[in-house]
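Quantities reported herein were computed from a predicted structural model and do not represent experimental measurements.
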Amino acid sequence: MEGLWVLFCGDSDCSADNENPCSTDLKFLTQPSSCINHALMLCFDILIMVMFLFNLIQKRSSKSAYMSAHFHGNTRVQILSVIFNGVLGLVYLFLGIWMVEEKLRLTHTVLPLHCWFLVLFHGLTWLPVGLTVSLRGKHFPKAPLRLLAILTFLFSGIACGLSLFAVVTTKEASIKVALDVLSFLGASLLLLCTFKGYKYEEIDDFLYTPLNSEVNGSSKTESVVPVIPFSRARFFSQISFWWLNPLMRKGREKTLGDEDIPNLREEDRAEACYLLFTEQFNKQKQCNPSSQPSVLRTIILCHWKEIFVSGFFALIKVIALSAGPLLLNAFIEVAEGNENFKNEGYVLAITLFFSKSIESLAQRQWYFRSRLIGLKVRSLLTAVIYKKQLRLSNAAKMMHSAGEIMNYVTVDAYRIGEFPFWFHQTWTTSLQLCFALIILCRAVGLATIASLVVITLIVLCNTPLAKLQHKFQTKLMVAQDERLKASSEALVNMKVLKLYAWETYFKNVIENLRKVEHKSLEAVQSCKSYNGFLYWSSTVLVSTATFGACYFLGVPLYASNVFTFLATLRLAQDPIRSIPDVIGVVIQAKVAFSRVVNFLEAPELENANTRKKCTMEMESHNIFIGSANFSWEANPSKPTLRNVNLEIRPGEKVGYMWGGWFRQINSSGGNPWRGSKYPGNSWIQTGSIRDNILFGAALDNERYQETLKKCSLVKDLELLPYEDLTEIGERGVNLSGGQKQRINLPVHCTRMLIYISWMTHSVPLMLTLLRAYLMNMLWELFQLRQVLLVTHQVDFLRAFDSVLLMSDGEIVHAAPYHQLLASSRDFQDLVNAHKETAGSERLAEVSSTQKRATSAKEIRETRSDNNFEAAGGDQLIKHEEREVGDRGFRPYMQYLNQNKGYLFFSMASLCHLTFMIGLILQNTWMAANVDNPHVTTLRLITVYLMIGFTSTLFLLCRCLCTVALGVQSSKSLFSQLLNSLFRAPMSFYDSTPLGRILSRVSSDLSIVDLDVPFSIIFTVGATINAYANLTVLAVVTWQVLFVSIPMVYFAVCLQRYYFTSAKELMRINGTTKSLVANHLAESIAGSMTIRAFEEENRFFVKNLDLIDVNASPFFHSFAANEWLIQRLETLCAIVLSSSTLCMVLLPPGTFSSGFIGMALSYGLSLNMSLVYSIQSQCTLENYIISVERLNQYMHIPSEAPEVIEENRPPVIWPTLGKVEIQNLQIRYRPNAPLVLRGISCTFEGGHKVGIVGRTGSGKTTLIGALFRLVEPAGGKIVVDGIDLSMLGLHDLRSRFGIIPQDPTLFNGTVRHNLDPLSQYTDQEIWEVLRKCQLREAVQEKEEGLDSLVVGEGSNWSMGQRQLFCLGRALLRRSKILVLDEATASIDNATDLILQRTIRTECADCTVITVAHRIPTVMDCTMVLAISDGKLVEYDEPMKLMKTEGSLFGHLVKEYWSHYHSAESH
């Protein structure tokens, strides 16, 4: 026992020979420097550590536990406690290490132990206890945690009291007294954390309930979600990423699927991030109502605690890293025989291992937590942008197109989310350089000034480059917006482009925009490359200046100071080399953030206020508008609607004639009163028919079936393969126009107020496709409700209480129908135009010979006996495909196999290899000759510098090759992708949601442009660096190969194990990213409908869910990355420690001090270089997924060739316009049922042929076959003796004219919309505008033919858009003109203009008219009736109407029934 006491206290304090034997007198106990005092304090520390370990191993109850409330995060007391106790623990640790070093230096022994051992052990105890209780206390049982805090407080209080007592009695203070007082303060904070910081509540350990109530307005929760392992992980599991093992194991056993990815923790979900953001934003707004709160400040306030914690780990990493050169210097001293104490080499080897382990743990937590912050920032920005686009005002929509909004989410939010990962590098690099300069000053003295000057010059030289990069980055983002806007417009309207044969022109437009983008891209990459060259060559420049200064200042060069300098420089070079990346990320984030903030500050609709006010005023009248002006613009000189006065009482029905009212409803923010709006344009979502019908409502099967019958959907559903569970393509591409309207109709049948907007194409569809019995059903539904009928038609106006006639934005007349007819000349003209287009005289002739009354029942039973059998094929919309398994080097080869990619890659790799060989030769020369007396200092430095400068030339070549590789590969990949998309058949667009394509041409292409090329070269360079370090270490100490070879093998196996899961995680991340993009695109298109039904919350909640679905694989991907790197760093630490042990164990003199210094300088950076290598490989694997995704759409099966040289038609073909259809059979997909089944007929040249039939009969499909949008499965179409299947598609489509069902205009000018190919003169265009009666409308605008067309023609009326389409057809002067339900969207007056113009201008043309409005085909030469894909009848219209059982006759009856139904109502 006495020996143990001597070991602890020493001979001076207690010995058998000492006259003053050991005493436990109170006097000695109260002295802070006495051994007995230290022994007591050590006992206290041991007891606290035992209690702490007991808390760690204590298992919580499996049923319940006590946890702090969700969303509250860490309190200020906890944060203060973390900071205070963390710093205090580190001070104790470093003080203990310093005391050991000083004791060894002065006495060459570590005995007695009591002084330094107490301080060191106290630090080892205080650091984990302080951090764990402060941060992770909620994961401990309540009672043991509080007992631990109380014991810590009591023991610290005793120590503090004893120290203060000694200060009072002796009037002397010491560092230990100060630390004892600080420990008491820290223990007090721990006690506050335990009792005040954690509010315990008993909850389920394995399940939590998502807090959706604040978002969706519901106080109930419908489901519980399993908590991911990360949320249950204890302290050691978190710092070692042990919680990820089950997922990694599952990824090894099977290919991971979406269902295998655990959900995010509640606090990491988009909902929690959004709620926290809005809470902070509102707080700032309340504090300063006069100014708009800063979005950046709000984000920082939301996450400052996490930012601080990650910064704390970054600080520990920098401190641990900086200890490396000091240890190297000590090793060289030991190698030269200058041991400070016995077995110093063993102590240094063990210290080195622990130093590297601490560095690894700190860096992994830094990176992981920073990535998590970035994920949360990206999620909340995506949510905020989505919420904002639902509220955008009409003026704001003009400034922010759908393509730009998509870019904000897919590109800008991604770039901003990347920034937190790099944030701490902005200051840790500077701190690391400061530490490096301090160590350099110790090594080379005043020569350090030269290093400082060179580093300062490098940073100053980078300033203009950074400004240039910011400038070009801004230009790049603007160019990217323009290109994406044009791409989005072309992809959405691809069918129209193919019908007009304009694909090549629009493709060229996008390619020209891409060329502009490429110029900015090349400039950005060049700036980034020059930055990289500057910083990668910094080590050569700094060493040149420093060694030169040493020579001139006479500073002697020895192995110890030279390799301490080089090791410090090597450790500092990686942060220095990352400066260009940091600058690039900061610039990208700054540009992206300014764009997002600009969008978030755009004006928005005041929906909430409007609805609230209207609700209060609706007590006396449901709808009231008084003297109101409305405009699309924010500050209009002339409002669109002026002096509008409206009052509608319950049960009243008001009809609005002429134009402008639809704009009023839109400008009011959607639907200011609570009710239902039936939109003119049917908005269809991707999903099943049932989902579209229910539109978020709960399924009531009885009511649902009744609604299907009332809306005449039963027959339609029978024709579909999965009935109401059939997936509808985006925008309802696999539905007819009538089916779209009837699917929209059931949604509105369940609403209290029905508002029908018939300004657009729903009018004629409702009048013909929605047959008389359906119209009667609607009137029954309308009886007890208010009805606002906005229309250009007059059919139902007799039944309305009041009719308002509008002209030029004002209500000019308001009266009942008959009164208005008698008093208003304008209204009489409208009614007469309707009668003329309705052909009421001819219909009356036919109807007089038949029964006038046709019951709804009779019409309902008039169906074709032939039914399609339900197909058992796949759904139209497939799940997005993704690659599975390890594809090896195939995606890399796909990238490099572009525009001499292999050449540039080989040159860059070879140049980097040469550069690394040069650096090794440099250091070998220095190691071999630094202690050689035959080599002068001047020669030593000169040769060293010559090798270094030669190496930098190869480095410059590498940088230039990297830029060339990136630019050329991006150019080639985009060109192939664009060609593939524009040559894809319409079946591809029917089955592929737009969001999937846009995510590839936006975010994936951005990654390929900016990230992939540098990532490939940096990965190769980092891998070369890592193996070079390992090689140097192995060559100098070959014995380490016994450890390093198994370790390398184990590292390779570990990396393969990781990649099996990591690749699937990133692929799932890519596919789920498309879901977010697709939902956003759909919501932008349907924002008006969403607002009208007040469904914003439901769509927003769905968006939050999709964000989380996308965020979860990304979270687990970067967590897996840290999981791998931490294990590899541990292996590196083992290899390095083994190497140092070899140096210690082998006899002195085995290695020269120069080569020991060289080996350890490379060995110290082995950890960092291997990590950088693996991290680069993992990042590249993530980036290369984007190349895989682009490649999926680069090889789409294409349409027939645009031009077949050997089968070019004559220049004047077609001459007659004779169309022969011979046994035509059409199916949309292989193995799908036939849509057209053996149609045979002939359209004679110059005839006017009308095609009629019920919804889904195949009318539009026949037109598609004529233009070869779908290829025949059998039969053929012959035009003027030429088989259409033998022609090139451009030759075919450019010779036909068409006026499509949906009048589509493009962003640009009037001239661009009429003649995008610039084939006609201005005079010809003006003449066509005159014929279309658009000349005056265009001349009223100052720019004339250069007048702008924006937002799909939203600044032109629907009738004007259709007349523009007529103008296109007249300009083309085709012998065959197709009207695909062309009059479905326009009023009677415009219809009259169109019909008269066609009769006059196309008198000698074959006109094929697909119509649902019966009067449209009454003047046709022939009528073709189709039912269920078969030709039913083909004859003159008058003959068909007189034929008993004629389908056309029944359609006429239905129209007549509807007409008289309106009159009766």
Side-chain angles (χ1 to χ4, degrees), residues 458 525-544 566 569-581 584 889 892-893 895-896 898 900-925 944-969 1010-1033 1035 1161-1162 1165-1181 1183-1184:
I458 290 173
Q525 298 293 64
S526 297
C527 288
K528 191 174 179 180
S529 178
Y530 292 136
N531 272 338
F533 168 72
L534 191 63
Y535 284 103
W536 273 77
S537 60
S538 61
T539 53
V540 176
L541 298 175
V542 171
S543 59
T544 299
L566 291 177
L569 206 58
R570 285 184 62 81
L571 291 176
Q573 73 182 2
D574 281 323
I576 290 174
R577 288 170 181 173
S578 69
I579 288 177
D581 294 327
F889 291 102
Y892 300 97
M893 294 171 66
Y895 180 80
L896 296 175
Q898 314 287 333
K900 303 178 182 177
Y902 283 115
L903 175 63
F904 292 127
F905 172 73
S906 301
M907 289 178 62
S909 302
L910 188 61
C911 287
H912 188 87
L913 179 62
T914 308
F915 171 68
M916 279 306 303
I917 291 172
L919 293 184
I920 293 174
L921 287 176
Q922 255 192 321
N923 293 321
T924 303
W925 164 260
Y944 182 87
L945 299 184
M946 287 177 61
I947 298 173
F949 278 117
T950 306
S951 302
T952 56
L953 297 178
F954 291 96
L955 180 64
L956 178 62
C957 182
R958 186 209 73 173
C959 295
L960 296 177
C961 288
T962 304
V963 174
L965 169 66
V967 171
Q968 295 302 321
S969 295
L1010 293 169
D1011 300 322
V1012 171
F1014 282 96
S1015 183
I1016 285 180
I1017 301 304
F1018 286 167
T1019 300
V1020 172
T1023 305
I1024 291 173
N1025 291 358
Y1027 283 104
N1029 291 347
L1030 189 61
T1031 302
V1032 170
L1033 197 62
V1035 167
S1161 67
Y1162 276 89
S1165 59
L1166 173 64
N1167 198 342
M1168 184 179 293
S1169 61
L1170 184 60
V1171 167
Y1172 190 57
S1173 170
I1174 299 302
Q1175 197 167 23
S1176 299
Q1177 291 176 39
C1178 296
T1179 303
L1180 178 59
E1181 284 288 341
Y1183 287 155
I1184 211 67

**OP:** Could you give me the CA-CA distance, side-chain angles and deciding distance for Y892 and L1180, then say whether side chain to side chain contact (heavy atoms under 4.5 Å, CB included) is met?
**Re:** CA-CA 10 Å; Y892 300 97; L1180 178 59; 3.6 Å; yes

Approximate separation, where rounding is to 0.5 Å, of [X] [atom1] and [Y] [atom2]:
X: L965; Y: L903; atom1: CG; atom2: CG; value: 10.0 Å
X: Y895; Y: S969; atom1: OH; atom2: OG; value: 4.0 Å
X: F954; Y: M907; atom1: CZ; atom2: CE; value: 11.0 Å
X: L1010; Y: Y1183; atom1: CG; atom2: OH; value: 9.5 Å
X: I920; Y: M916; atom1: CD1; atom2: CE; value: 5.0 Å
X: S1015; Y: Q1177; atom1: OG; atom2: CD; value: 10.0 Å

**OP:** Using the side chain to side chain contact (heavy atoms under 4.5 Å, CB included) rule, take F904 and L896 through it: C-alpha gap first, then chi angles, then the decisive distance, then the call.
**Re:** CA-CA 9 Å; F904 292 127; L896 296 175; over 6 Å; no

Subject >> Any side-chain donor near an acceptor of the partner, Q525 and S529, under 3.5 Å >> reply: no

**OP:** Could you walk me through whether H912 and V1020 pass side chain to side chain contact (heavy atoms under 4.5 Å, CB included), step by step?
**Re:** CA-CA 8 Å; H912 188 87; V1020 172; 5.8 Å; no

If you define the side chain from C-beta out and look only at heavy atoms, does anything of [X] sit under 4.5 Å from [Y]?
X: Y530; Y: L534; result: no
X: L956; Y: F915; result: no
X: Y944; Y: T544; result: no
X: F949; Y: L541; result: yes
X: V540; Y: L919; result: yes

Looking only at heavy atoms, what is the nearest atom pair of [X] and [Y], with distance?
X: T952; Y: F533; result: O-CE1, 3.4 Å
X: I1017; Y: A908; result: CD1-CB, 3.6 Å
X: G918; Y: I947; result: O-CG2, 3.2 Å
X: Q922; Y: G948; result: NE2-CA, 3.3 Å

Subject >> Step-by-step side chain to side chain contact (heavy atoms under 4.5 Å, CB included) determination, T962 to I1016 >> reply: CA-CA 9 Å; T962 304; I1016 285 180; over 6 Å; no

Original post:
Hey, does the side chain of S909 reach the backbone of S906 with a donor-acceptor pair shorter than 3.5 angstrom?
Top reply: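 It does not hold such a pair.
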
